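Working notes, beginning with the structure itself.
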Amino acid sequence: MSDQLKYFLEESKMPKTWYNIAADLPKPMLPPLHPGTLKPIGPDDLAPLFPMALIGQEVSQDREIEIPEPVRKIYKQWRPSPLYRARNLEKLLDTPAKIYYKYEGVSPTGSHKPNTAVAQAFYNKEEGTKKITTETGAGQWGSSLAFACQIFGIELDVYMVKVSFEQKPYRKLIMQTYGARCVASPSKETESGKAILAKDPNNTGSLGIAISEAVEMAAKDPNTKYSLGSVLSHVLMHQTIVGNEALIQMEMAGDYPDILVGCTGGGSNFSGLVFPFLGKKFREKKETRVIACEPKSCPSLTKGKYVYDFGDTGRLTPLVKMHTLGSQFIPPATHSGGLRYHGMAPMVSHLKDIGAIEAQAFGQKECFEAGVKFSRAEGIVPAPEATHAVKGAMEAALECKKNGQTKTILFNLCGHGHFDMKAYGDYFDNKLAEDKYDEAGVNKALEELPKIA
Ligand SMILES: *Cc1c(COP(=O)(O)O)cnc(C)c1O
């Protein structure tokens, strides 16, 4: 490990703003639609679910948005996060490429998620919210929001996808440690959950179902708001603290990335790293290749349709234009719980549609293989989701080797895998199933897409 070089940023140089890519998009995005009227939704439609400050950020066109002082104070517990040069991995791959990674596993819950959880809890507190409901897949988001709500004294109910609730007891216990209540979804607490269980009592849940449950509970109570850990534009924007720091750190390293890589579930950690660089690409015409890496079993960007769809299975959310496998599609259970979402952030989808980013899909075995190689070279065990970014970066580095190119690669190592060692165990014991892309299931779900003229 002696060959590691890290780029620690002084606390005083931590960026004071988030970056809003809406200000620099070469082509504007299409608005979300009301599921009843099919007209663009307004702030009033969202007010029962979100504080006004966040609704304002969702539609803002300002390029820089100030990070409130109390949020910056909390960020300082683990930010600025380190940027590393992966010299040992470069050696292992025998590549002329330079590989850097930004490490978000240093946060209290071990991933990038607290970057938005703290901001969302702060704005909710400002506007008098007493309780928040949310969903969680693998439990990263639930534990991060539990951490943030506990700081601000807000009560939290988390609907956790049942298969993960059973597979990952430690995440549930972290939520409990922070004082949140965690319920397996589908649950009998909501109409959406009961409807699913009536049809299929053994349903193992999905993010789409858990979102329906959390939204339903928030909509019912004026003192309760709902919070989402990815997909929405304000969430992606809160994550840009990652890329804003990386811009400064790459300068410290005397380099600039030619290739950026991130894994995509709903798109937030990917966006957080790449948006500030994409902004430079748009404004200064910098040549930067940007690659989103997703699982073969849930390939919304590479195999999904770019259409208006619901964000949840119960069809309660507004319709958003995104790459989707269909809101009725239940992705197969894999160890990358954070990547099991039927859709993709509208902003990431839009960038894919205009050709500003590309996407690649990888199987879970090849990702764990990459994760193990990375752990042995660099000492950090990546979260199963993050192994997709590791795999994508390694593929890009090997391509550089083949073509004899000295390119600079930067990827987001969005979390550590310390709570996911069962997944590594299954990989070592050769118990991981080959990825199945359920084409018939996706086609069936696509037939049920809302019909928008
Ligand atoms: C939640 C999560 C993801 C997926 O969400 P994005 O919004 O796509 O970032 C990926 N990796 C980790 C470690 C996560 O916790």
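Note that this is a predicted model, so its numbers are computed, not measured. As the structure lists them, so they are numbered: ligands from 1, and atoms in each ligand from 1.
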Cation-pi geometry met for Lys321 and Tyr306 (6.0 Å, 45°):
yes
Using a plain distance cutoff, I'd like to know if Glu385 has any nitrogen or oxygen under 3.5 Å from a nitrogen or oxygen of ligand 1.
no
Please determine if Gly265 has a nitrogen or oxygen closer than 3.5 Å to a nitrogen or oxygen of ligand 1.
yes
Is there a donor-acceptor contact under 3.5 Å from the side chain of His234 to the main chain of Ser60?
no
among protein heavy atoms, the one nearest atom 7 (O) of ligand 1 is Ser230 OG, 2.5 Å
N/O separation below 3.5 Å, Gly267 to ligand 1:
yes
Considering only heavy atoms, does Thr264 approach ligand 1 within less than 4.0 Å through its side chain, its backbone, both, or neither?
backbone
Check whether any N or O atom of Gly266, backbone or side chain, sits under 3.5 Å from an N or O atom of ligand 1, and answer yes or no.
yes
Is Glu439 salt-bridged to Lys303, going by a charged N under 4.0 Å from an acidic O?
no
How far is atom 4 (C) of ligand 1 from the closest protein heavy atom, and which atom is that?
Gly338 O, 3.2 Å
Kindly determine whether Lys391 and Glu395 satisfy salt bridge (charged side-chain N to carboxylate O under 4.0 Å, His left out), including the steps that lead there.
CA-CA 6 Å; Lys391 174 70 182 166; Glu395 285 298 308; 3.0 Å; yes
Are the side chain of Ser185 and the backbone N or O of Gly205 linked by a donor-acceptor pair below 3.5 Å?
no
ring-ring contact (aromatic ring centres under 6.0 Å, His included) with Phe277: of Tyr19, Phe270, Tyr256, only one passes, and it is Tyr256
Does ligand 1 have any atom that is closer than 4.0 Å to a heavy atom of His112?
yes
To the nearest 0.1 Å, how far is atom 6 (P) of ligand 1 from its closest protein heavy atom, and which atom is that?
Ser268 N, 3.4 Å
Can you list every pair that meets ring-ring contact (aromatic ring centres under 6.0 Å, His included) and has a residue in residues 135-179, with sequence neighbours left out?
Phe147-Tyr178
To check your reading of the model: name the closest protein heavy atom to atom 1 (C) of ligand 1, its residue, and the distance in Å.
Lys113 NZ, 1.4 Å
